[in-house]
Amino acid sequence: MRLVPISIAKDYPRRLTSLTHDISSGAISQSNKRIQIMSHEKTVSQVIAASLARHGVETVFSQSLPSAVLLAAEDLGLRQFTYRTENAGGAMADGFARVSGKAAVVTAQNGPAATLLVPPLAEAFKSSVPVVALVQEVNRPATDRNAFQEIDHIDLFRACAKWIRRVTEPDRVEDYVDMAFANATGGRPGPAVLLLPADLLNESTSVFGRQTCLGRFPLDRVLADPARIDQAAEWIAAAKHPLIFSGGGVHLSGATAELAALQRKAHLPVMTTVMGKGAVDERHPLSLGVGGNVLGRLSPSRHFRPLIERADLVFLAGTRTAQNGTDSWTLLPAGAKYIHLDIDGVEVGRNYEALRLVGDAKLTLAALTERLGGRCKAKPELERAIAEARACNAREIAALLRSEAVPIRPERLMGDLQQVLTPDTIVVADASYSTVWMACYLQSLAPGMRFLTPRGLAGLGWGLPMALGAKVARPASPVLCITGDGGFGHVWSELETAHRNGISIVVTVLNNGVLAYQKDAEDVKFGRHTSACVFAPVDHAAIARACGCRGITVKRPGEYLGAVREALAANETTVIDVLTDPEAYPPLTLFDDHLESVRSQRT
């Protein structure tokens, strides 16, 4: 990271005051204290770079474009974390934002590079993750003249961003940067896109000097209606079988401690969605693990179903009540009362008519716990029922967690991984089966433990880059990535990114040689699958070594745990290529009985 000594401009005291305030308040880290103070007349690029620093940005996920902006950013000491592909760079930014609590910045050139930002921004949009995308455009005089790599970026990003604007006036650039961050981090977080014509970036402006940092989220915490909080407390206190169903919004709000306090003080059972996993300690006597469409046969939470079905009140906390999280809207009881807490009023009551608590989860959960006081008493019989169901679940899956079968069962790998987890460990899973193996067979050890998955759109290829972004956000935390060979094939190139940037993560590739979910889903729906579901053999460990990383192949179950421990001790990224059973499938309710029936008929 290049740092430039401060040169204090006597005609620019406001910038000095601003940066001094940001340094003292922590908005700019100690490593960036020597940021150069700008003189009165600067280029648009320099103003953008200074604005990023003011908003607490220390790392930009980029590939040297827009060059004028990134040169100015490096002059100020900001780090350019250079991706290989824009779609991976966007996923890195997503992972960074989820873990850091700060808006992430990703940049791209106009045209084809910008189109590759659409998938990661769409994931961030659906998952409510604040990402600011700075996208270069053609020179203003060339607009609508079929300039090289020109495309209508506003239409391109319309479906995957909260806010899109083009800057055309140099004197408005700081205003627009602030609007981008305010839109990304304010209300329901999400992506904001700022379009920057290339010729604008080198123009001069003397209009700048804003001081506010808008880079952390939630930007503005708003308490839900106090009268409705009182009513929610009355409903919970009066319920015989209340249940909390918690989603990813609790993590986005930083409200896991408040949820855990409500669970503990009001003696309420908590089940989470996959996105909400880690919101509570799953070993707690009142924790029900992960629900949704992952409650099929051999699910560690399967025997909690009767406790869900008898609920007379369901408190939905920070969840979109999406299809997978509710098992196609069949999991939660139709006859129950519902309370729904979310920052986005449009989501409240979308699928379940509910008492509306529109506001920040952290403030509202704390207020609700206070309102309940000591009215909710401990329920030893409920804790016994949960303990019995948990023991039944454990008995059913015990053999899989210890399996010596070859090819290796993924459940065995999860059982081994559990032994190396700490509350500080960050686990990142790619989409499809990798997410379900992780959600079901790894256990959260504390409120706030992070399990990251691309569940907004569930696209393949997010695992490795999202893990890299998480590691940039928390360098001291161990980061474990779980990905299938199908998803990993999208992003092999980012292993070189990890090596070049000195990033140390552990990547487990579940190498079963098939697009497993696609194959199994086709078998259930059609009784057969297409030829596209089967891959040729690939040596992922060799690919890792070719990129400068460590690569290990695991063929027998007993080899894996030791390989993981070695990888965690290494100061470099390690790919553990595990040959897994192509017939293994996780406990999805879609497959219960149906998939085995198809397979038995085939044999």
Report task. Spell out, as yes or no, whether a donor-acceptor pair under 3.5 Å connects the side chain of S253 to the backbone of K362. Result -> yes
Report task. Would you list the pairs meeting salt bridge (Lys or Arg N to Asp or Glu O under 4.0 Å) in which at least one residue belongs to residues 427-438, sequence neighbours left out? Result -> none
Report task. Verify side-chain contact (heavy atoms from CB on, under 4.5 Å) between I343 and L252, making sure each step is shown before the conclusion. Result -> CA-CA 10 Å; I343 192 64; L252 293 169; over 6 Å; no
Query raised in the report: Looking at CZ of F157 and CH2 of W163, how far apart are the two atoms once the value is rounded to the nearest 0.5 Å?
Result: 13.0 Å
Report task. Classify the angle between the aromatic ring planes of F591 and Y517 as parallel (below 30°), tilted (30 to 60°) or perpendicular (above 60°). Result -> tilted
Query raised in the report: Taking the side chain from H340 and the backbone from T319, do they hold a donor-acceptor pair closer than 3.5 Å?
Result: yes
Query raised in the report: Is there side-chain contact between P269 and K379, with heavy atoms separated by less than 4.5 Å?
Result: no
Query raised in the report: Taking all non-hydrogen atoms of both residues, which atom of E86 and which atom of P120 are closest, and how far apart?
Result: O-CG, 4.2 Å
Query raised in the report: Which one of T212, V57, L194, L219 satisfies the side-chain contact (heavy atoms from CB on, under 4.5 Å) criterion with F181?
Result: V57
Query - Side-chain ion pair, D178 and R54, N-O less than 4.0 Å - result: yes
Query raised in the report: Would you say the side-chain atoms of W462 pair up with the backbone N or O of G95, donor to acceptor, closer than 3.5 Å?
Result: no
Query raised in the report: Atom CD1 in I339, atom CH2 in W235: separation rounded to 0.5 Å?
Result: 6.5 Å
Query raised in the report: Looking at side-chain heavy atoms only, is the closest gap between P586 and C440 below 4.5 Å?
Result: no
**Report entry** Qualifying residues under side-chain hydrogen bond (donor to acceptor under 3.5 Å, both in side chains), relative to S287, sequence neighbours excluded
**Finding:** Q263
Query raised in the report: What is the distance from atom NZ of K277 to atom OG1 of T272, rounded to the nearest 0.5 Å?
Result: 6.5 Å
Query raised in the report: So, the side chain of R474 versus the backbone of D424: is there a donor-acceptor pair under 3.5 Å, distance only?
Result: yes
Query raised in the report: When you check the gap from the basic side-chain N to the acidic O, do E234 and R375 get nearer than 4.0 Å?
Result: yes
Requested in this report: Find out whether L417 and L480 are in side-chain contact, i.e. whether some heavy atom of one side chain is under 4.5 Å from a heavy atom of the other.
Outcome: yes
Query - Within 6.0 angstrom of E353 CD, more than 12 heavy atoms from elsewhere - result: no
Query raised in the report: Ion pair present between D344 and R320, side-chain N to carboxylate O less than 4.0 angstrom?
Result: no
Report task. Determine yes or no for a side-chain-to-main-chain donor-acceptor pair under 3.5 angstrom, with S127 supplying the side chain and G456 the backbone. Result -> yes
Report summary line: Separation between NE2 (H284) and CZ (R264), nearest 0.5 Å, reads 7.0 Å
**Report entry** Closest heavy-atom pair and its distance - A261, T369
**Finding:** O-CG2, 4.4 Å
Requested in this report: Could you tell me whether D281 and R283 have a side-chain N and a carboxylate O separated by less than 4.0 Å?
Outcome: yes
Report task. Output yes when D592 and R302 qualify as a salt bridge under the 4.0 Å nitrogen-oxygen rule, no when they do not. Result -> yes
Query raised in the report: Would a distance-only check, ignoring hydrogens and angles, find a side-chain to backbone donor-acceptor pair under 3.5 Å from S432 to S434?
Result: no
Requested in this report: Could you tell me whether the side chain of K102 and the main chain of A473 form a donor-acceptor pair under 3.5 Å?
Outcome: no
Query raised in the report: Below 4.0 angstrom, N of the basic side chain to O of the carboxylate: do E123 and R98 qualify?
Result: yes
Query - Over 12 non-hydrogen atoms of neighbours within 6.0 angstrom of CD in E370 - result: no
Report task. Could you tell me whether the side chain of Y433 reaches within less than 4.5 Å of the side chain of L588, counting heavy atoms only? Result -> yes
Query raised in the report: Where the side chain of E258 meets the backbone of A361, is there a donor-acceptor pair that is under 3.5 Å apart?
Result: no
Requested in this report: Determine yes or no for a side-chain-to-main-chain donor-acceptor pair under 3.5 angstrom, with D94 supplying the side chain and G90 the backbone.
Outcome: no
Query - Separation of L214 CG from M179 CE (nearest 0.5 Å) - result: 11.5 Å
Query raised in the report: Quick one: are L134 and V60 in side-chain contact, heavy atoms under 4.5 Å?
Result: no
Query - Shortest non-hydrogen contact from P454 toward A431 - result: CG-N, 3.8 Å
Query raised in the report: Between S444 (side chain) and V280 (backbone), is there a donor-acceptor pair under 3.5 Å?
Result: yes
Query raised in the report: When rounded to the nearest 0.5 angstrom, what distance separates CG in L288 from CZ in F304?
Result: 5.5 Å
Report task. Go through R305 and L331 one step at a time and tell me if the side-chain contact (heavy atoms from CB on, under 4.5 Å) criterion holds. Result -> CA-CA 8 Å; R305 266 191 178 274; L331 174 65; 3.7 Å; yes
